[in-house]
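Note sheet for the following structure.
The first residue of the sequence shown is numbered 1, and numbering continues consecutively from there.
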Amino acid sequence: MPVNAFTSFSLDRRSLFLLTAAAAGSSLLAACGSDAAGTSGDGMKTTFLSYLPLETLSLTPELLAVAGGHFTKHGLEVTLQPVKGSPQAMQTLLAGISPITRLGQIDVMTAIADTAQPLVSIGTLTRGSSLRFVYSKKKHPLEKPEDFVGQTMGVPSEGGTSDKVVSLVLASSGLDPKQTKRQVVGLTPGTFDLVQQGRIAGYVVSIDTANILAAQNPDAGIFDPAQYVKSDSQVYVTTKDATKKDTGILKAFMAGIHDALAAIVADESLDETIKQLRGKYSFATLDDDKIAKASLTMMRKLWTGGDPSKPLLVTDESAWTAGYKELTDAGAAKSGGTAGTWFDNSLLPKT
């Protein structure tokens, strides 16, 4: 099913609740019940909305914060709840069902600029794109933006970050994003069969999925959109209301994430990180030493921006506003917004 190059929406709290509940099913409601942003016993409880499946190393900061006890250290019990893509994560957040998610900077900026959604970025995780496009070297190499014209790209959800990054790759070279069709597909390595069959030219995956495909299949080529797109950072997001109502929970959450990231940065060999993750989780890319270490090394560079001496999670205003300019120049977001007011570093731990 084709999707638009850039998607915006207006939201009503009640309709969002019904839409999200229907789409996500009873498990989401159970996970995000009355304790989702409240207290229980001696500690606090909350639910983190993940647009990613839990079986990916792209979710390592959250997975390790749970498995390594970093959330617990700050008095917080966190349930990791997968939802169907970044649009639903944003919708669920805006409906007030949970106070925290992680989204692409692109999604956040377009939602605020285009429809004035009350979103606030409270921490920048990656300093570059954590997405990769996988293609078949034999069927149809994707080595430059022009190679995407007239093709169909697989994306995990309509109107989400992956979809928009494909559009920005084309826009960066003055190409019309509508010249590339989109089809919703799974994120798994198995989707590569569709590429080899010629049904899609390529599809968008996480770093660890790209690494496992490249290791298993010599026909798998990898395209890094960061060559052309600068605004695809990953940020932790809440709402304006939640910054006031759930301040304690948000501070504890960000402190737990910070501690998990700091532990990974300090773990040069990554042996302890992998050991702790495997103590609670098991999935293909984590269980393979070579893939896990290669993926985590690449992600660690994204988290630190290549400079471990710089503070983790702190949003740099110049990079943030430059990202907004890229989006407005590409026609992906309305101009005239004050991007400098769309983030808040005050909920991060003082280090």
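Taken together through direct or relayed side-chain contacts under 4.5 Å among Ile, Leu, Val, Met, Phe, Trp and Tyr, V195 and V169 form parts of separate hydrophobic clusters. Residues F192 and I207 do not share a hydrophobic cluster, clusters being chains of Ile/Leu/Val/Met/Phe/Trp/Tyr side chains in contact below 4.5 Å. Residues I291 and L302 are members of separate hydrophobic clusters, defined by side-chain heavy-atom contacts under 4.5 angstrom among Ile, Leu, Val, Met, Phe, Trp and Tyr. By the criterion of side-chain heavy atoms lying less than 4.5 angstrom apart, applied directly or through intervening Ile, Leu, Val, Met, Phe, Trp or Tyr residues, F148 is not grouped with L194; the two fall into different hydrophobic clusters. Linking Ile, Leu, Val, Met, Phe, Trp and Tyr whenever their side-chain heavy atoms come within less than 4.5 Å leaves V205 and L63 in two separate clusters.
Qualifying ring pair (Phe, Tyr, Trp, His ring centres under 6.0 Å) partners for Y228, counting only residues two or more places apart in sequence or in other chains: F223. Applying the ring pair (Phe, Tyr, Trp, His ring centres under 6.0 Å) criterion to F253, with sequence neighbours excluded, gives F48, F71, Y236. Not counting sequence neighbours, Y135 has no partner by the ring pair (Phe, Tyr, Trp, His ring centres under 6.0 Å) test.
Put simply, CD on Q88 and CG on L49 are 9.0 Å apart, with the number rounded to the nearest 0.5 Å. From L168, atom CG reaches atom CG of L327 across 6.0 Å, with rounding to the nearest 0.5 Å. The distance from atom OG1 of T46 to atom CD of E77, rounded to the nearest 0.5 Å, is 10.5 Å. A distance of 5.0 Å separates CD in E146 from CG in L175, rounded to the nearest 0.5 Å. Interatomic distance, D287 CG to S282 OG, rounded to the nearest 0.5 Å: 3.5 Å. Taking CG from D219 and CD from Q196, the interatomic distance works out to 5.0 Å, rounded to the nearest 0.5 Å.
Proximity of a side-chain donor or acceptor of E326 to a complementary backbone N or O of S231 within less than 3.5 Å is detected. A donor-acceptor pair under 3.5 Å is absent between the side-chain atoms of S162 and the main chain of P156, judged by distance alone. For Y203 (side chain) and G186 (main-chain N/O), no donor-acceptor pair under 3.5 Å exists by modelled atom type. In this structure a side-chain-to-backbone donor-acceptor pair under 3.5 Å is present from D267 to T273. Distance alone, capped at 3.5 Å, is enough to place a donor-acceptor pair between the H140 side chain and the D147 backbone. Between the D316 side chain and the A319 main chain, a donor and an acceptor come within less than 3.5 Å of each other. S295 contributes no side-chain N or O that, together with a main-chain N or O of A292, makes up a donor-acceptor pair within less than 3.5 Å. Panel note: side chain E55, backbone A284; no donor-acceptor pair is recorded below 3.5 Å. In this structure, the side chain of D163 does not engage the main chain of V155 through any donor-acceptor pair within 3.5 Å. Under a 3.5 Å cut-off, the side chain of R300 and the backbone N or O of I264 do form a donor-acceptor pair.
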(request) Apply side chain to side chain donor-acceptor pair (under 3.5 Å) to the pair T239 and D241, showing each step before the final yes or no. (result) CA-CA 5 Å; T239 63; D241 284 347; 5.5 Å; no
(message) Let's go through S121 and W320 carefully: what are the C-alpha distance in whole Å and the side-chain angles of both, what is the deciding distance for side chain to side chain contact (heavy atoms under 4.5 Å, CB included) to 0.1 Å, and is it a yes or a no?
(response) CA-CA 10 Å; S121 170; W320 178 258; 3.7 Å; yes
(message) For a side chain to side chain donor-acceptor pair (under 3.5 Å) check, start with the C-alpha distance between T115 and Q117, then their side-chain angles and the critical distance, and finish with the verdict.
(response) CA-CA 6 Å; T115 55; Q117 300 303 332; 3.2 Å; yes
(request) Give the intermediate values and the outcome of side chain to side chain contact (heavy atoms under 4.5 Å, CB included) for residues I222 and F133. (result) CA-CA 6 Å; I222 309 299; F133 301 168; over 6 Å; no
(request) Kindly indicate, with the supporting measurements, whether the criterion side chain to side chain contact (heavy atoms under 4.5 Å, CB included) is fulfilled by T56 and T285. (result) CA-CA 7 Å; T56 173; T285 53; 5.6 Å; no
(request) Would you please test M299 and S130 for side chain to side chain contact (heavy atoms under 4.5 Å, CB included) and show each step? (result) CA-CA 7 Å; M299 292 175 197; S130 57; over 6 Å; no
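Across all non-hydrogen atoms, the minimal contact from R102 to P61 is NH2-CD, 4.3 Å. Residues G160 and S86 approach most closely at CA-OG, 3.2 Å, considering heavy atoms. When all heavy atoms of L142 and M153 are compared, the pair lying nearest together is CD1-SD, 3.7 Å. Across all non-hydrogen atoms, the minimal contact from G85 to Y51 is C-CB, 3.3 Å. Heavy atoms only, all atoms of each residue included: A210 and R132 are closest at CB-CB, 3.8 Å. In terms of heavy atoms, D176 sits closest to L170 at O-CD2, 4.0 Å.
Exactly one residue among N345, V235, V237, L250 makes a side-chain contact (heavy atoms from CB on, under 4.5 Å) with I122. That residue is L250. Remark: of the listed residues L57, L54, V66, V66 is the sole one forming a side-chain contact (heavy atoms from CB on, under 4.5 Å) with Y281.
With a 4.5 Å cut-off on side-chain heavy atoms, P177 and R182 count as touching. Between D288 and I212 the shortest side-chain heavy-atom distance does not fall below 4.5 Å. You'll find the side chain of T60 reaches within 4.5 Å of the side chain of L296, heavy atoms only. Counting heavy atoms from C-beta outward, I257 and L313 have side chains that approach closer than 4.5 Å. With contacts defined as side-chain heavy-atom distances shorter than 4.5 Å, the pair L59/S50 qualifies. Inter-residue side-chain proximity for K164 and D107 is flagged as met; some heavy-atom pair is nearer than 4.5 Å. Between L64 and L261 there is no side-chain heavy-atom pair separated by less than 4.5 Å. No side-chain heavy atom of T209 sits under 4.5 Å from any side-chain heavy atom of V134.
Using a 3.5 Å distance cut-off with no hydrogens or angles, the side chains of S129 and D232 do pair a donor with an acceptor. Side-chain contact, Q105 with S233: a donor N or O sits under 3.5 Å from an acceptor N or O.
A salt bridge links D329 and K325; the closest N-O separation between the charged side-chain nitrogens and carboxylate oxygens is under 4.0 Å. Using a cutoff of 4.0 Å between basic side-chain nitrogens and carboxylate oxygens, D289 and R278 are scored as salt-bridged.
The environment of E268 atom CD is sparse: at most 12 non-hydrogen atoms of other residues, nucleotides or ligands sit within 6.0 angstrom. No more than 12 heavy atoms of other residues, nucleotides or ligands shown are found within 6.0 angstrom of NZ on K251.
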